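Inspection log for the structure reproduced underneath, given as structure tokens.
All heavy atoms count here, side chains included; hydrogens, waters and symmetry mates do not. For clarity, every value in this text was computed on a predicted model and none was experimentally measured.
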Amino acid sequence: MHTSRRTLLAATAGAAAAVAGVGATPALAGTGSGTASKRDDKRLRALISRMTLEEKVGQLFVMRVYGHSATAPDQADIDANLAEIGVRTAAELIAKYRVGGIIYFGWAHNTREPHQIAELSNGIQKASLAQPRGLPVLISTDQEHGIVARVGIPATLFPGAMALGAGGSRTDARTAGRIGGDELRAMGILQDYAPVADVNVNPANPVIGVRSFGADPEAVAGLVAAQVKGYQSAGVAATSKHFPGHGDTETDSHYGFPVIEHTEAQWAELDAPPFRAAIAAGIDSIMTAHIMVPALDPAGDPATLSRPILTGILRERLGYDGVVVTDSLGMEGVRTKYGDDRVPVLALKAGVDQLLNPPKLDIAWNAVLQAVRGGELTEARLDESILRVLRLKAKLGLLKDPYVTARGVDRTVGIASHLKSADRIAERTTTLLVNSGGLLPLSRRTHPKVLVVGADPASPSGTTGPPTTVLANALTELGFTATVLSTGTAPSAATVAKAVAAAQDVDAVLVGTYNVTASSSQRTLVDQLLATGRPVVALAIRNPYDVAQLPGVKACLASYSWTDVELRAAVRVVAGRVGPTGRLPVPVQRADDPTRVLYPVGHGLRY
């Protein structure tokens, strides 16, 4: 990094001295118990008492900001910041609104590469601590791994939740969390919006799906707890989401307002166990869901704005006293019923502590300010949430030293031992669903020439992609001669014909499928490839439900994501370099009769 750590520390020594009396003590886990905790709470309350009302309001917000640098972003990012937030840079955002948190996104150009991320984090901390009564910023991101991750290569990327669910190993889940957490912390990101605690009981769920560990509440609970312990052992706040449970919906809350029709008893049996497990594991933060659950609150409000759900159930019944953060306030699910000025006020009244990413910060910030001035919210209510946020900042060590170093990045991010762990864990997740006649494993002696076709969705998580190329390269490394023909998620008749012609010259075909439906032309592609008589191996690169739509295939596997680490592991299984050990964490229903199960939870073949 260009800025030395010594320079940064010196520049903010005065501000840091004001908060340095609060240590990173294990007693600050949000329980509020113990002598050390009471002593630290007293210090934190003293910090709060010195804040202006405007500074208090700012501490509650976690905001996006465009740019790779806190002070010198690209012009296009300056323009975007001016248009959306009315400031030019992250430093100006902090000076104007005194935000307590900032969230990183790839599309906001915050996460180009590890050293840049670390410099951005340091620049944000420097800007915040330079303010009067300045406090360090809690920097967050969505690094779930699998299909949702904001920091890409060269950072280590692990299999996502459903893949880990297929692996079934709590040790692997914890290891992935610990290593992922170590790398985030090295870049100055200390709050991760992971793991997903939703139980995916609805195959049609468009927003959760493979982001969930599976359909069995107890299995999900065990893996959630393991990941929480992994992340938090690395000094990163884990965030289980989306409370009270987003697993049984056919509506994406980014674009609509889902309604979960579970009874209270069903909620307690299906949705609650992973959140209970997260709380028992000492979870630092929990994210709300923009969903309506009439059985838990008949008022028709999203859970994010529901006092019966957030205070009555989460705080009082489940006994949780850590940080509650909203899902993004820019999502349609929370904006359907109320205006952008009412949403943050109602969220605070419901029991929320952090207000994440409002569409218009000036509207949201001023609405909270006016709600306090007008008496709808008390300043004491703000203090309660600020204390929880400051406890978390203290626990994470931010109040002692918020800066990271270039050396720390080099020693931690994407190092060989981490990448090897990711490969080994991924190998234990690939699931063999069908293997008629022992087609797999493919041998390079009997099937040396392989055609790779299939869907090439945009590569997630800053991995290299496209999937067909990653698969072909992995086959080539194992001694096969692989050719690539990208056929897409909706291949035309001409594309199918081209694939069929190419199949004449090879010994086997590997086809990557992506969310195949009854009417999908991906089915036509597979059927016509099968008609050539060539051995066809299907790899479901997202949802494992594809196998139900491909009745003719002799071999089918599931990788649960199209990130490089999972695709390369799947190829090692196809080639027999490792045996398949993954087991379905969700049931697959029959295509012709969805009331009947084709493959149950736990199905998975071996060689």
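- Remark: the backbone N or O of Arg523 is not paired with any side-chain donor or acceptor of Gln549 at under 3.5 angstrom.
- The main-chain N or O of Ala555 is never found under 3.5 Å from a side-chain atom of Asn435 such that the two would form a donor-acceptor pair.
- Under the 4.5 Å side-chain criterion, counting only non-hydrogen atoms from C-beta, Leu329 is in contact with Leu355.
- Applying the side chain to side chain contact (heavy atoms under 4.5 Å, CB included) rule to Asp216 yields the partners Glu218, Ala219; only residues at least two apart in sequence or on another chain are considered.
- Between the Ser521 side chain and the Pro491 main chain, a donor and an acceptor come within less than 3.5 Å of each other.
- Considering only heavy atoms from C-beta on, Leu440 comes within 4.5 Å of Val537 through its side chain.
- Side-chain contact between Asn543 and Pro203 is absent, with no heavy-atom pair separated by less than 4.5 Å.
- Of all the heavy atoms in Ser436 and Val434, the pair that sits closest is OG-CG1, 3.9 Å.
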Q) Going through the distances and angles, do Leu485 and Thr468 end up as a side-chain contact (heavy atoms from CB on, under 4.5 Å)? A) CA-CA 7 Å; Leu485 177 61; Thr468 51; over 6 Å; no

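- Each of Leu439, Leu451, Leu550, Leu529 was evaluated against Val536; a single residue qualifies, Leu529, per the side chain to side chain contact (heavy atoms under 4.5 Å, CB included) test.
- Side chain of Gln522 to backbone of Thr489: a donor-acceptor contact under 3.5 angstrom is found.
- The number of heavy-atom neighbours closer than 6.0 Å to CZ of Arg315, taken from other residues, nucleotides and ligands shown, is above 12.
- Within 6.0 Å of atom NZ in Lys554, 12 or fewer heavy atoms from other residues, nucleotides or ligands are found, so the atom counts as exposed in its surroundings.
- Arg542 contributes no side-chain N or O that, together with a main-chain N or O of Val210, makes up a donor-acceptor pair within less than 3.5 Å.
- Taking the six-membered ring where tryptophan is involved, the planes of Phe105 and Trp107 are essentially parallel, since the angle between them stays under 30° and well short of 60°.
- The nearest pair of heavy atoms linking Ala173 to Leu223 is CB-CD2, 3.8 Å.
- Here the closest heavy-atom approach between residue Thr464 and residue Val470 is recorded as OG1-CG2, 3.9 Å.
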What side-chain donor-acceptor pairs closer than 3.5 Å can you find for residues 574-581, not counting sequence neighbours?
from: Arg577; atom 1: NH2; to: Leu478; atom 2: O; distance (Å): 3.2

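- Arg428 has its side chain within reach of Arg424: a pair of non-hydrogen atoms, C-beta onward, lies under 4.5 Å apart.
- Between the CD atom in Gln191 and the CG atom in Leu184 there is a gap of 11.5 Å [rounded to 0.5 Å].
- The backbone N or O of Thr141 lies less than 3.5 Å from no partner atom in the side chain of Arg150, so there is not a single donor-acceptor pair.
- Ser306 and Asp297 make their closest contact through OG-OD2, 2.7 Å (heavy atoms, listed as atom of the first residue, atom of the second, distance).
- Contact check for Tyr193 versus Asp327: no side-chain heavy atoms found under the 4.5 Å cut-off.
- Judged by distance alone, with hydrogens and angles left aside, the side-chain atoms of Thr326 form no donor-acceptor pair with the main-chain N or O of Ser328 at under 3.5 Å.
- Arg211 has no carboxylate O lying under 4.0 Å from a charged side-chain N of Asp142, or vice versa, which leaves the two without a salt bridge.
- The structure places CG of Leu475 at 13.0 Å from CZ of Arg568, a figure rounded to the nearest 0.5 Å.
- The minimum heavy-atom distance linking Ile260 with Pro294 is given by the pair O-CD, 3.3 Å.
- Put simply, the side chain of Arg583 gets close to the backbone of Gly602: a donor and an acceptor are under 3.5 Å apart.
- Within the model, atoms OG1 of Thr288 and NE2 of His246 stand 10.0 Å from one another, a figure rounded to the nearest 0.5 Å.
- Ile103 contributes atom CD1, which lies 10.0 Å from atom CD of Gln354 (distance to the nearest 0.5 angstrom).
- Thr304 contributes a side-chain N or O that, together with a main-chain N or O of Ala289, makes up a donor-acceptor pair within less than 3.5 Å.
- Side-chain contact between Pro159 and His145: absent, with no pair of heavy atoms (C-beta onward) separated by less than 4.5 Å.
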Q: May I have the step-by-step check of side-chain contact (heavy atoms from CB on, under 4.5 Å) for Leu432 and Leu557, ending in yes or no?
A: CA-CA 4 Å; Leu432 180 61; Leu557 309 96; 3.8 Å; yes

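- A salt bridge is absent between Asp505 and Lys449; no separation between the charged side-chain nitrogens and carboxylate oxygens falls under 4.0 Å.
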Q: Evaluate the side-chain contact (heavy atoms from CB on, under 4.5 Å) criterion for residues Leu157 and Asp564: first the C-alpha distance (whole Å), next the side-chain angles of each, then the deciding distance (0.1 Å), finally the verdict.
A: CA-CA 9 Å; Leu157 293 163; Asp564 297 8; over 6 Å; no

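- Contact record, Gly256 with Glu332: N-CB, 3.8 Å, taken as the closest heavy-atom pair.
- Annotation: the span from Phe158 atom CZ to Ser561 atom OG amounts to 14.0 Å, rounded to 0.5 Å.
- Screening residues 559-606 for ring-ring contact (aromatic ring centres under 6.0 Å, His included), with sequence neighbours left out, gives Tyr514-Trp562, Tyr599-His603.
- Distance alone, capped at 3.5 Å, is enough to place a donor-acceptor pair between the Tyr320 side chain and the Val323 backbone.
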(Q) Between Ser520 and Thr517, is the side chain to side chain donor-acceptor pair (under 3.5 Å) condition met? List the steps. (A) CA-CA 5 Å; Ser520 170; Thr517 62; 4.7 Å; no

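- Applying side chain to side chain contact (heavy atoms under 4.5 Å, CB included) to Pro244 and the options Leu314, Leu310, Ile291, Ile313 leaves one that passes, Ile291.
- The shortest side-chain heavy-atom distance between Asp423 and Val565 falls under the 4.5 Å cut-off.
- With sequence neighbours excluded, the residues forming a side chain to side chain contact (heavy atoms under 4.5 Å, CB included) with Tyr255 are Asp252, listed by chain and number.
- Here Ala238 pairs with Pro195, Val228, Tyr231, Gln232, Ile283 under the side chain to side chain contact (heavy atoms under 4.5 Å, CB included) rule; sequence neighbours left out.
- A search for side chain to side chain contact (heavy atoms under 4.5 Å, CB included) contacts involving Ala234 returns Asp182, not counting sequence neighbours.
- Within the 4.5 Å cutoff, no side-chain heavy atoms of Thr487 are placed close to those of Val496.
- If you take CZ on Phe257 and CE on Met292, they are separated by 4.0 Å, rounding to the nearest 0.5 Å.
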